[in-house]
Protein chains: 2
Amino acid sequence: MTNWAARLFARAIDRRLKEFGVSSGQMPVFFALGDGAALSQKALAAIASIEQPTMAATLSRMQRDGLIERRPDPRDGRSQLVALTPEAMEKALKVKEAGMSVNAVALADLTETEREQFLELLGKVITSLEKMLED
Amino acid sequence: MTNWAARLFARAIDRRLKEFGVSSGQMPVFFALGDGAALSQKALAAIASIEQPTMAATLSRMQRDGLIERRPDPRDGRSQLVALTPEAMEKALKVKEAGMSVNAVALADLTETEREQFLELLGKVITSLEKMLED
DNA sequence: CGTTTTTGCATAGCTTGCTATCTATATACA
DNA sequence: TGTATATAGATAGCAAGCTATGCAAAAACG
């Protein structure tokens, strides 16, 4: 069921963001860099809770589409700092709005109390699974 | 968060099923055919709530791995009936056990009442999203 | 009965996720 | 200081999703 819900979320978001040339997997990058910050690939992967190669692929596509720039990190020759391009910065608000509006639809049938419960229980499930996968 | 939870579920299941040569995306097929039934690809896709081409690809991999057989449907020249092979039937119990055990871990921190609530709220979220995506 | 529409599957092409492994640079320590 | 270890990214290869499209068989209908 979580898989089903996640796919529906992604489809709903992709549908809204398609006209801006943005897709659901790029949302965490927009959220992390939307204030103009520049972060390493590793930091972005940690924020999005995905593995490094997955983030590398997402950033490649975003670079291909002119959404991000990679600059060498002056303090670490292995690392690069990733930042949104000016064009992407302009889209950041739309991305945030798409996320909020899909969330609103998804939670439309829940009371305020139920929404809090849902998020809390989902958080507990995630914590339990993470703990199990740790080793 | 649903995306995160879904990925954790899949990873946990994949880890347990790897030794049997089975993966998480194949679970719905095992559940649908585990009693010896033979269903069409379309029916399987509907049960798994995935699109037909996705199910086609999953079935291709399962056929490659000797988990299913495809027989022509005597009543419809376009259709094929899919059934588990005897080897896969032997694995069906392990697949069910893996699913139940991961669910148990995921819900370990929830009371019985909370589990019911969680499933109910997740169901409402899915229903709302599905309704929105209908058109 | 023939034509049109519907339906079941296949295929192409893409994104997003994973694991495993490699390279090159930083860091630690003997 | 020089070697060993740790870390940041890159790359390969796979699974599982999706949309769009094409084809052939079935069903509907004039």
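This structure is a prediction, so every number in the text was calculated from the model and none was measured. Every chain is numbered from 1 and lettered A, B, ... according to where its sequence line falls, protein lines coming before strand lines.
- Rounded to whole Å, atom P of D:dA20 lies 12 Å from atom CG of A:Asp14.
- No donor-acceptor contact under 3.5 angstrom links the side chains of B:Arg71 and B:Gln80, judged on distance only.
- For C:dA10, the OP1/OP2 oxygens have a side-chain nitrogen or oxygen of B:Gln41 closer than 4.0 Å.
- For the pair A:Leu59 CG and D:dA8 C1', the interatomic distance rounds to 13 Å; values are reported in whole Å.
- The CG-C1' distance, from B:Asp65 to D:dC14, rounds to 12 Å in whole Å.
- Looking only at atom types and distance, the side chain of B:Ser23 has no donor-acceptor partner in the side chain of B:Asp14 under 3.5 Å away.
- For D:dA10, the OP1/OP2 oxygens have no side-chain nitrogen or oxygen of A:Arg78 closer than 4.0 Å.
- The phosphate of D:dG17 (OP1 or OP2) has a side-chain N or O of A:Asn3 nearer than 4.0 angstrom.
- Following rounding to the nearest Å, A:Arg15 (CZ) and D:dA20 (C1') show an atom-to-atom distance of 14 Å.
- Closest contact between the side chain of A:Ser23 and the listed nucleotides C:dT16, C:dT19, C:dC9 involves C:dT16.
- Between the side chains of A:Gln63 and A:Glu69, no donor-acceptor pair of N or O atoms lies under 3.5 Å.
- Taking 4.0 angstrom as the limit, A:Ser24 places none of its side-chain polar atoms (N or O) nearer than this to OP1 or OP2 of C:dT15.
- The side chain of B:Ser79 contributes no N or O atom lying less than 4.0 Å from OP1 or OP2 of D:dA25.
- Taking side-chain N and O atoms only, A:Gln80 has a distance below 4.0 Å to OP1 or OP2 of D:dA10.
- The phosphate of D:dG17 has neither OP1 nor OP2 within less than 4.0 Å of any side-chain N or O from A:Arg7.
- Judged by closest nucleotide on DNA chain D, A:Arg70 is the one of B:Asp76 and A:Arg70 placed further toward the 5' end.
- Closest to the side chain of B:Ala56, from the set C:dC18, D:dA16, C:dA10, is C:dA10.
- Between the CD1 atom of B:Ile50 and the P atom of D:dA15 there is a distance of 15 Å, rounded to whole Å.
- Of the charged side-chain nitrogens involved, at least one lies within less than 4.0 Å of a carboxylate oxygen, so that B:Lys124 and A:Glu114 count as a salt-bridged pair.
- Take the nearest nucleotide of DNA chain D for B:Gln52 and for B:Gly77: the residue whose nucleotide is more 5' is B:Gln52.
- Residue A:Thr54 has a polar side-chain atom (N or O) positioned under 4.0 Å from OP1 or OP2 of C:dC18.
- For the pair B:Arg75 and D:dA27, the criterion of a side-chain N or O lying under 4.0 Å from OP1 or OP2 is not met.
- OP1 or OP2 of C:dT15 has not a single side-chain nitrogen or oxygen of A:Thr58 nearer than 4.0 Å.
- Within the nucleic acid shown, B:Arg61 comes within 4.0 Å of at least one base atom, counting heavy atoms only.
- Salt bridge B:Arg7/A:Glu51: absent, no basic N to carboxylate O contact under 4.0 Å.
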